[in-house]
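This report refers to the structure that appears directly beneath it.
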Protein chains: 2
Amino acid sequence: MEHKECMSALLPVRDTLDIIGGKWKILILISIWEGNKHFREIERSIPKLSTKVLSKELKDMEENQLITRTVLNGFPVRTEYRPTEYSKTLQKVILELQHWGANHRKKIFGREY
Amino acid sequence: MEHKECMSALLPVRDTLDIIGGKWKILILISIWEGNKHFREIERSIPKLSTKVLSKELKDMEENQLITRTVLNGFPVRTEYRPTEYSKTLQKVILELQHWGANHRKKIFGREY
DNA sequence: TTAATTGATTACCTAAAGGTAACTGATTAC
DNA sequence: GTAATCAGTTACCTTTAGGTAATCAATTAA
């Protein structure tokens with residue numbers, strides 16, 4: 001049985017799941033896609049999300065070039081987070097996950113949400 | 001800012017990630033797709049996978065109708081795990097994750113695996 | 001000077017995922 | 001009866017993800 005090729009093909013799958021997996025990452029990305037730019041603004045747009053987790057996730061997303069971070073100096077310091085064009089390439093992936101999940105729920109529970 | 005609709009659209013995304021996320025689920029599914037049928041066979045096909053985790057994941061996958069489980073009585077008891085036709089609907093999703101991840105690695109590190 | 005706001009960081013804790021290893025029950029071959 | 005094989009289960013431990021709450025630095029308005 002040939003495993004090596006298929007197993008190494010899973011490294012990219014792992015990478016993707018690391019980037020969009022977890023409890024908050026997609027939520028944060030969508031909030032930013034929707035136009036939320038500032039730290040507090042994003043935080044308040046997602047109920048129960050803590051500053052600690054948000055801070056960490058934003059760093060990860062910046063590293064992965066999904067968002068840009070710009071510090072604007074002014075009265076209270078403001079930071080602007082913006083989605084990159086590149087981040088949009090994730091939309092197809094997320095849509096695929098969404099479609100499969102929606103169909104799956106119908107199959108398993110015989111009803112939708 | 002309209003959040004409610006987009007946030008509820010994420011429930012299916014969560015469902016899908018619960019089903020294919022984690023360290024072993026996709027590996028196990030692929031092993032079964034490849035033709036491995038028996039518990040020990042699947043276990044041995046995936047280095048470092050323990051019986052405990054395999055046992056749990058197989059149960060989850062059976063609940064989600066991705067595999068069927070049949071007990072064959074014979075000398076050493078044998079169990080047959082088979083992929084369902086339905087499980088194949090995940091291939092498109094997994095391929096999407098794989099493509100995005102492969103392209104992402106090129107973008108971030110400038111090289112492939 | 002005090003309070004308030006923004007954008008965080010830090011220390012500490014809990015819960016969930018996963019790992020380790022020993023063990024069970026059934027059966028058969030020796 | 002002893003060993004081996006298959007298909008698991010159980011108890012226990014470690015690691016990681018995530019939650020809670022206090023704190024900090026900068027700035028401005030009252």
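All of these numbers come straight from a predicted model, not from anything done at the bench. Just so we're on the same page: letters track the sequence lines, and every chain starts at 1.
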* Respond yes when some side-chain nitrogen or oxygen of B/K59 is under 4.0 Å from OP1 or OP2 of D/dA7, and no when none is. => no
* Asked: Has A/S55 got a side-chain N or O lying under 4.0 Å from the OP1 or OP2 atom of C/dT9?
  -> yes
* Answer yes or no: does a side-chain N or O of B/Y81 lie under 4.0 Å from OP1 or OP2 of D/dG8? => yes
* **Length of the CG-P vector between A/N73 and C/dA8, whole Å** => 13 Å
* Just how far, in rounded Å, is P of C/dA26 from CZ of B/R78? -> 19 Å
* To do: Look at all strands and tell whether A/K25 reaches a base, only sugar-phosphate, or nothing, counting heavy atoms closer than 4.0 Å.
  => nothing
* Counting only Watson-Crick or G-U wobble pairs whose two distances fall under 3.5 Å, which nucleotide matches C/dC30? -> D/dG1
* Structure fact -> A/L17 CG to D/dA17 P, in whole Å, measures 13 Å
* Listed nucleotide nearest any side-chain atom of B/K23, set C/dC12, C/dG18, D/dG8 -> C/dG18
* The side chain of B/W24 lies closest to which of these nucleotides: C/dG19, D/dG19, C/dA8? -> C/dG19
* Residue B/T51, side-chain atoms from C-beta onward, closest of D/dG8, D/dG18, C/dG18 -> D/dG8
* When the distance from CD of B/E57 to C1' of C/dG18 is rounded to whole Å, what number comes out? -> 9 Å
* Structure fact -> With the side chain defined as heavy atoms from C-beta on, A/R69 is closest, among D/dA21, D/dA7, C/dA8, to C/dA8
* To do: Measure from CD on B/E62 to P on D/dA7 and round the result to the nearest Å.
  => 14 Å
* **Minimum-distance nucleotide (side-chain atoms of A/K52 versus D/dT9, D/dG19, C/dA8)** => D/dG19
* Structure fact -> Whichever of A/K48 and A/P76 has the more 5' nearest nucleotide on DNA chain D, that residue is A/K48
* Where A/P83 and A/I32 come nearest, the two heavy atoms and their spacing -> CD-CG2, 3.5 Å
* Structure fact -> Closest non-hydrogen atoms of A/M61 and A/I28, given as atom of the first, atom of the second and distance, are SD-CG2, 3.8 Å
* Asked: How are the rings of B/Y86 and A/H104 set relative to one another: parallel (under 30°), tilted (30 to 60°) or perpendicular (over 60°)?
  -> parallel
* Would you mind classifying the nucleic acid contact of A/T79 as base, sugar-phosphate or nothing, using non-hydrogen atoms under 4.0 angstrom? => sugar-phosphate
* Contact under 4.0 Å: A/R40 side-chain N or O vs C/dA4 OP1/OP2 -> no
* Look at A/R44 and C/dG7 and indicate whether a side-chain polar atom (N or O) is within less than 4.0 Å of OP1 or OP2. => no
